[in-house]
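One structure is given here, and the rest of the page talks about it.
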Amino acid sequence: METESEPYVRLASLRQLHQVMADMNTARSLADTLQTVADGAVSALGYEMAAVNLVRPDGDLVVAAFSGNPAAEALITGRVGSRASWERRLSMGERWGDLIFIPHTEGWVLDDDDVPQWFTDGPEPRFEDEWHPSDRLFAPMYTPGAQGGSSGELLGVISVDRPRNGRRPGAWGREALQMYAFQAAIAISNARLRSNMQRALVRLEREQQALRASEESFRQAFEYAPSGMAIAEMGGDQHGRILRTNDALCRLLGRPASAMRRYSFADLVHPEDIGTLLRTSAEGGRAELRLGRRDGSYVWVSLRNSVVADAADGPRFLLTHVEDIEERKRRELQLAHRASHDSLTGLPNSAELRSRLAARLCRRPAHVGAPDSLDAAYGHPAYDIPAGHGFDFAPGAEAYDAYDHHVHTVAPEDGRDDGAKGLAVLFCDLDGFKSINDRFGHNAGDAVLIEVARRLSNGVRDGDTVARLGGDEFVILADGLGRADAQDLAVRLRNEIIQPIRAEGRSVRVGASFGIGWAHCGMTADEVLKSADERMYVEKRSRPKQHRRAG
């Protein structure tokens with residue numbers, strides 16, 4: 001009912017409502033915003049009680065804030081009403097714009113549902129627009145921009161009870177409550193957004209703290225690792241360039257960290273190990289190779305690579321773990337040397353001699369167009385090769401096979417000394433050695449063998465092989481000799497051997513018989529050695545016994 005003072009009352013209410021809306025949007029948390037909404041419905045809109053029912057993630061609504069009656073607040077705050085019950089309420093009664101008014105004549109059917117509610121007593125209304133204690137008024141709140149739309153997301157419902165003037169709200173009151181619900185929905189959405197952002201910031205800060213802790217752990221592990229560590233660029237023009245090294249790697253290579261940043265591993269690796277480094281895959285690659293120290297020496301290391309990323313889509317780097325395996329490699333080389341060398345003289349043993357000799361030989365392929373001549377020259381059947389890959393070489397010379405990239409070993413012809421050179425095999429057997437063993441003991445015999453091995457080694461060229469075949473038998477492999485050269489070498493070595501040898505405090509002498517054989521492709525290592533051995537026995541038998549030791 002209109003009175004002369006109503007315009008003034010409306011203006012004062014608007015001012016109060018404006019202040020409440022400002023408070024809603026400046027609340028510090030979602031909980032503060034919800035309580036401000038409930039308090040504003042009481043203080044600014046003039047209702048005795050108000051509740052804010054907030055939609056939970058599961059769809060049900062919980063009483064999140066209450067204002068106006070401490071007893072009712074304690075009873076229903078935090079209680080949950082099902083979504084189905086609320087949808088039933090919002091679908092019945094009278095629609096006042098976006099508001100839902102359920103008069104007491106209809107609302108009795110809701111008394112026993114699961115929505116938290118507070119019942120008030122009072123007399124029956126005397127006027128048509130008087131508020132009944134069982135009347136219900138709801139103001140749904142939707143996502144901003146969808147207010148009143150059926151497709152909008154429901155955020156919650158403001159439920160109010162018993163206006164202080166005892167009257168059902170008129171047009172102005174309804175409009176004010178509807179506008180208030182709209183602004184409350186904005187404030188709640190903003191509060192939720194701020195809350196989510198705060199949680200995201202907290203989560204981000206925790207993740208950053210964890211990342212910083214992880215980076216610090218990595219730095220500590222990298223810097224203080226007992227073995228070498230390095231980080232290198234991956235990809236681009238500077239691929240492989242060392243960016244960072246730890247103290248262990250700097251100490252291992254004798255280079256300061258500032259100097260290491262000028263290199264890549266390709267700059268430091270031994271020239272013979274470049275292929276091994278290049279064959280090592282970037283991710284998860286492993287290799288054993290030699291790295292150069294500052295003093296020019298090399299150390300055996302084991303490299304193990306892994307890829308690390310600076311960020312999710314950031315640059316990738318190569319993390320290389322460098323382990324010193326010098327001692328293990330030294331033991332392995334010692335074992336390999338023991339397996340291939342004579343323990344007494346240190347010369348290559350029989351197995352190593354045969355291996356070196358076999359490496360120079362191959363089964364002779366047939367010369368295209370002249371198979372008979374090759375069969376006659378090498379004493380066994382020729383082998384076919386693809387058309388267009390023939391071989392042309394003169395007897396007594398080495399020929400290059402363009403098909404299998406092997407340099408064929410051939411021998412000078414018997415009875416001729418035309419300057420042709422080949423792989424000479426000198427079989428040496430000591431004369432008079434057994435008598436030294438019998439007369440002076442095995443220690444004296446061992447001393448003689450050691451001295452003979454030394455004299456033979458000193459009497460050949462670098463690259464020639466002196467091996468102990470067993471007992472008092474030695475073999476020399478000398479490549480690139482003609483027949484006269486091989487005979488001269490045998491004479492020189494014999495003259496060296498017959499010189500007196502000091503053994504067990506006394507001077508002894510031994511002689512030597514040499515047989516000269518020639519290796520060529522088509523023969524096996526055993527065939528070559530047998531040929532030289534037979535020639536040695538021919539030479540031994542041809543010399544008078546009394547002259548064998550003196551040469």
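Here, residue 1 is the first one in the sequence, and each next residue gets the next number.
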Between Arg286 and Asn305 (side chain of the first, backbone of the second, donor and acceptor by atom type, cut-off under 3.5 Å), is there such a pair?
no
Set out, in order, the CA-CA distance, both residues' side-chain angles and the distance that settles side-chain contact (heavy atoms from CB on, under 4.5 Å) for Ser227 and His321, then state yes or no.
CA-CA 7 Å; Ser227 54; His321 176 258; 2.6 Å; yes
So which atom in Lys329 and which in Trp300 form the shortest heavy-atom distance, rounded to 0.1 Å?
CG-CG, 3.4 Å
When rounded to the nearest 0.5 angstrom, what is the spacing between CE in Met179 and CG in Leu45?
8.0 Å
Look at the side chain of Arg354 and the backbone N and O of Ala525, then say whether any donor-acceptor pair between them is shorter than 3.5 Å.
no
Looking at side-chain heavy atoms only, is the closest gap between Leu61 and Val55 below 4.5 Å?
yes
Are Met49 and Val42 close enough that some pair of their side-chain heavy atoms sits under 4.5 Å apart?
no
For the residue pair Thr465 / Arg356, report whether a side-chain donor-acceptor contact shorter than 3.5 Å exists.
yes
Show your working on ring pair (Phe, Tyr, Trp, His ring centres under 6.0 Å) between Phe66 and Trp118 and close with a plain yes or no.
CA-CA 11 Å; Phe66 195 93; Trp118 174 260; 7.8 Å; no
Just by distance, do the side chain of Ser214 and the backbone of Ala210 share a donor-acceptor pair under 3.5 Å?
no
Are Glu216 and Arg219 within salt-bridge range, i.e. N to O under 4.0 Å?
yes
Between the CG atom in Asp161 and the CG atom in Asn69, the distance rounded to the nearest 0.5 Å is 9.5 Å
Using side-chain heavy atoms (C-beta onward) and a distance below 4.5 Å, is Phe317 in contact with Val307?
no
With rounding to the nearest 0.5 Å, note down the distance linking CD in Glu288 to OG1 in Thr276.
10.0 Å
Please confirm whether Arg244 makes a cation-pi placement over Phe222, using NZ or CZ under 6.0 Å from the six-membered ring centre and within 45° of the ring normal.
yes
If you count heavy atoms of other groups shown closer than 6.0 angstrom to CZ of Arg294, is the number above 12?
no
Can you see whether Tyr263 has Arg255 sitting over its ring - NZ or CZ less than 6.0 Å from the centre and within 45° of the normal?
yes
Sub-3.5 Å donor-acceptor pair from the side chain of Tyr180 to the main-chain atoms of Val37, do we have one?
yes
Are Arg241 and Glu233 close enough for a salt bridge, meaning some N to O gap below 4.0 Å?
yes
Measure the shortest side-chain to side-chain distance between Arg261 and Thr245 over non-hydrogen atoms and say whether it is less than 4.5 angstrom.
no
Closest heavy-atom pair and its distance - Thr33, Arg194:
OG1-NH2, 4.0 Å
Heavy-atom pair with the smallest gap, counting every atom of Pro116 and Arg79:
CG-CB, 3.5 Å
Any donor-acceptor N/O pair, Asn246 side chain to Met229 backbone, under 3.5 Å
yes
Side chains of Ser195 and Arg199, donor plus acceptor under 3.5 Å
yes
Minimum side-chain heavy-atom gap Glu207-Leu211 below 4.5 Å:
no
Between the main-chain N or O of Arg126 and the side-chain N or O of Glu130, is there a donor-acceptor pair closer than 3.5 Å?
yes
Value for OG (Ser297) from NE2 (His270), rounded to nearest 0.5 Å, stands at 10.5 Å
Does the cation-pi check pass for Arg162 over Tyr47, that is, NZ or CZ under 6.0 Å from the six-membered ring centre and within 45° of its axis?
no
Can you see whether Asp114 engages Ser82 through a side-chain donor-acceptor pair at a distance of less than 3.5 angstrom?
yes
How many angstroms lie between CG in Leu291 and CG in Asp324, if you round to the nearest 0.5 Å?
10.0 Å
Verdict with reasoning, Glu205 to Arg212, per salt bridge (charged side-chain N to carboxylate O under 4.0 Å, His left out)
CA-CA 10 Å; Glu205 177 61 25; Arg212 288 192 292 267; 3.1 Å; yes
Could you check whether any side-chain N or O of Gln178 sits under 3.5 Å from a backbone N or O of Asp98, counting only pairs where one atom can act as donor and the other as acceptor?
yes
Test Trp96 against Leu137 for side-chain contact (heavy atoms from CB on, under 4.5 Å), laying out the working first.
CA-CA 10 Å; Trp96 294 350; Leu137 181 57; 3.9 Å; yes
Can you tell me if Asp135 uses its side chain to pair, donor with acceptor, with the backbone of His104 under 3.5 Å?
yes
Checking Glu106 against Trp108: is there a side-chain donor and acceptor pair closer than 3.5 Å?
no
Is there a side-chain contact (heavy atoms from CB on, under 4.5 Å) between Leu54 and Ile188 once you walk through the steps?
CA-CA 10 Å; Leu54 190 67; Ile188 291 172; 4.1 Å; yes
Between Pro140 and Leu90, what is the shortest heavy-atom contact and its length?
CG-CD2, 4.0 Å
State, yes or no, whether a side-chain contact exists between Phe101 and Arg95 at a heavy-atom distance under 4.5 Å.
no
Atom OH of Tyr224: over 12 foreign heavy atoms under 6.0 Å:
no
Under 4.0 Å between a Lys/Arg side-chain N and an Asp/Glu carboxylate O for Arg168 and Asp129?
no
What closest approach, in Å, do Ile76 and Val63 show between heavy atoms, and which atom pair accounts for it?
O-CB, 3.4 Å
So Glu94 and Ile100, side-chain contact (heavy atoms from CB on, under 4.5 Å) or not? Walk me through it.
CA-CA 6 Å; Glu94 303 175 13; Ile100 305 296; over 6 Å; no
Compute whether any side-chain donor of one residue and acceptor of the other, for His341 and Asn349, lie under 3.5 angstrom apart.
no
Correct closest heavy-atom pair for Arg56 and Val62 would be CG-CG1, 3.7 Å
Contact between Val115 and Leu110 at the side-chain level, heavy atoms closer than 4.5 Å - yes or no?
no
Is the closest side-chain donor-acceptor distance between Asp39 and Gln35 under 3.5 Å?
yes
Min side-chain heavy-atom separation Val299-Ile325 under 4.5 Å:
no
Looking at Arg88 and Asp113, is any side-chain nitrogen of the basic one under 4.0 Å from a carboxylate oxygen of the acidic one?
no
Is there a donor-acceptor pair under 3.5 Å between the side chain of Ser189 and the backbone N or O of Ala185?
yes
Could Asp58 and Arg83 be called an ion pair, given the rule that one side-chain N must be under 4.0 Å from one carboxylate O?
no
Asn53 CG to Ile158 CD1 distance, which is reported to the nearest 0.5 Å:
9.5 Å
Side chain Asp342, main chain Pro348, donor-acceptor under 3.5 Å:
no
Give me the ring orientation class for Phe138 and Trp86: parallel if the planes are under 30° apart, tilted from 30 to 60°, perpendicular past 60°.
perpendicular
